[in-house]
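Just so it is clear: chains get the letters A, B, ... in the order the sequence lines come, proteins before strands, and each one is counted from 1. The basis for the numbers below is simple: all heavy atoms, side chains too, and nothing from hydrogens, waters or symmetry mates. Predicted, not measured: the structure shown is a model, and the values here were computed from it.
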Amino acid sequence: MNEEAKREGVHLEARGFSVFYGAHEAVCKVDVSVPCGLVTAIIGPSGCGKSTFLRAINRMNDLIPGCRAAGELLFDGQNVYGPEVDAAVLRRRVGMVFQKPNPFPKSIYDNVAYGPRLHDRCKRGELDAIVEESLVNAALWDEVKDRLHMNALGLSGGQAQRLCLARALAVKPEILLMDEPTSALDPKATARIEELIVQLRGRYTIAIVTHNMQQAARVSDRTAFFYEGNLVEFDATETLFTRPREKQTEDYITGRFG
Amino acid sequence: MRLKLRKLMDHALTAGGYLAIGGMALFLLWVLVPVFTKGFGAYVFRGTVEHRRMMLGEFNRGDLARLRAELAEVWRAREPVYRAVAAFERELDAMPAARRKALRSAFREVREGVAVLLGPEPGVPLPALTRRLYGQTRWEQAREKAADILFEETWEYSDAGSRRVLVPRAEQFEGTALAPVFDSVERDLAAMMRPRLTVYPRFLTDRSIDAHFFGGIGPEVLGTLYLSLGAMLVAVPLGIVAAVYFQEYAKEGPSVAFLRSCVNTLAGVPSVVFGLFGLAFFINTLRVSPGKSVLAGALTLALLVLPTVIRASEEAIAAVPRAFKEGAMALGAGRFRTVATVILPAALPGILTGIVISMGRAAGETAPIIFTAAVSVGQMVKPSEVLSQPTPALSWNLYNLCTEHEAVEELRHVQFGMAATLVLIVLALNLAAILLRARVARRLKG
């Protein structure tokens, strides 16, 4: 680990962390430190465990029967899988944007207000403010401000994904997980999301799983390379892409496999 | 060669599909067209003056002055009949014993026939039964009754079998004082009855009079609505909760597999068994009511449709994209909130369809309510009485009216009217399901 990470503080740390699907070990004894306020990209070929690792952070894997975790995953120094942790409370602090945009079949307003309504009894005015702020932060406000009460399923793919981002931001999370957020989008919509990630950098700790190595290089400060469940290399993005220490990393980023 | 065979198989499959669907449609038409055309006759028919007299007498509907005028008109046509009957009675007394004996029973039949056709003879004490207070209220039945006066039904036996022969009574009574009766009935029937196209929409809501001889099917319609709505009131919450449990909470294991097979078995149990169970459990064991009641019937029907509601809801819930659930969970919603705010609303169209189809089924079921709720003759049940009172219902009373009523033949119009009404209620429910589904689905799609 280099000096910068230590200085900025570690927001999330995995220590010998593993995830199993039944007997199969999908993530093997991984050690990672996600620095506070920076963007950490997780790359690797399909099936390498990168998504599983990401979904382990907010315990979305709990929904999968037969899936369990071992080792330590510390979020602000507290073990995410500790017995006293309420997954619902944890997920409030760890927002997530999924691979495919998944707005609820409700109005745009209700989509963004869903999280705040779950957790607090906000007054109407406060809720309006939160919705507007989240949509502004997700760069969607100008496009939808006149049709907030239209059904969200009528949005385009890129807009829907930004709505999902706004929905996640409305809960005011500390960490934002993004699971290949642009893989279902066209290049233009992808560029907008990437722009947003750069804008959000500093305000949120962001972990993004991506297939797209250029994307990782463009938006992230740190990059972790996963291969067959193992963390092969984890370093500053620039270092990893220009001077990889491991042969496997070099082979992957130069396109020799993957 | 193999390509040819494959094409042939394809065509055969298509043809088979068309055949099956076409056959079903044809069969449906074959059943429904008569039911609707004849059932329509309960609502729109040629009603006689007796119908209007009955309406005024029993339901206090109609214009008394106009009816009086009409009755005066009718009296002019009927008077010769009554006069001839009275004259013949005197003539009969004066006849030689042998001839008197020969004619007396035939005369009684004629006299009875006249009373049935036109209503009670003026001057005689009023009969006790309501059905005898009025003549024929429907024109086609009036014509049948007129034929009973005009002809004597006899049977001719031969080696080939028996044959019905209609012998005109006019021959038998030729030359007597009764002869004008046959002339009048044959010639002036329309003047005596004054048939008129009658629209009787309140057949749907009127109480029945004297076991369906007159009036409508209101108590039956009301009973059917009570029973099916009551059944839904119980089955829908239970069914949805069970479906949510199976889909969202239950961990696959032997106990859940057992519960599932219980639900499936429940769906396969014959409805008459549900009826017996309802009697044994709700009435005899739990004593929800002193005897048959709407409540006991609704509970039994609820059990009957429960598997359908559970399955439809389960399928609808399973069809909700996983992404919705994950999205809600990722925002920190617990399982209950996820179900209540995202999954159930998204599954609503499918659940609604299941509910309305089950309601149609509950409306049409007969066997379960025979034991638990249905009576053959009954008044309208008030909402306050549903917990303790039994009720007539379309399905059971249709059967009862067709098989156990004393005048099955004369009440065809009521039977078909009931059948058509029941089918219409079920069809309307299904139509409502389709519209509701489309509406909710549209709202969800945006």
Contact origin within B:Arg335 toward chain A - heavy atom pairs under 4.5 Å
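When you check distances to chain A, no heavy atom of B:Arg335 falls under 4.5 Å.
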Side chain, backbone, both or neither: which part of [X] has a heavy atom under 4.5 Å from chain B?
X        : value
A:Val171 : side chain
A:Val97  : neither
A:Arg167 : both
A:Pro101 : neither
A:Met60  : side chain

Pair count under 4.5 Å, heavy atoms only, with chain B: among A:Arg59, A:His119, A:Arg91, highest is A:Arg91
Top contributor to chain B contacts, counting heavy-atom pairs under 4.5 Å, from A:Met150, A:Met96, A:Arg55:
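Result: the option with the highest number of such pairs is A:Arg55.
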Which of parallel (below 30°), tilted (30 to 60°) and perpendicular (above 60°) describes A:Phe226 and A:Phe53?
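The arrangement is tilted - the two ring planes meet at 30° to 60°.
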Using a 3.5 Å cut-off and no angle test, enumerate the donor-acceptor pairs between side-chain atoms of residues 252-260 of chain B and protein atoms at least two apart in sequence or in another chain.
| from | atom 1 | to | atom 2 | distance (Å) |
| --- | --- | --- | --- | --- |
| B:Arg260 | NH1 | B:Glu314 | OE1 | 2.8 |

side-chain contact (heavy atoms from CB on, under 4.5 Å) involving A:Ala88 - partner list, sequence neighbours excluded:
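With sequence neighbours excluded, A:Ala88 shows a side-chain contact (heavy atoms from CB on, under 4.5 Å) to A:Asp86, given in chain and number order.
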Would A:Asp110 and A:Arg117 pass as an ion pair if we require N to O under 4.0 Å?
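Yes, this pair counts.
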Could you tell me whether B:Glu365 and B:Arg361 make a salt bridge, using a distance below 4.0 angstrom between a side-chain N and a carboxylate O?
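Yes, this pair counts.
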For the backbone of A:Phe98 and the side chain of A:Gln161, can you confirm whether one donor and one acceptor N or O come within less than 3.5 Å of each other?
yes
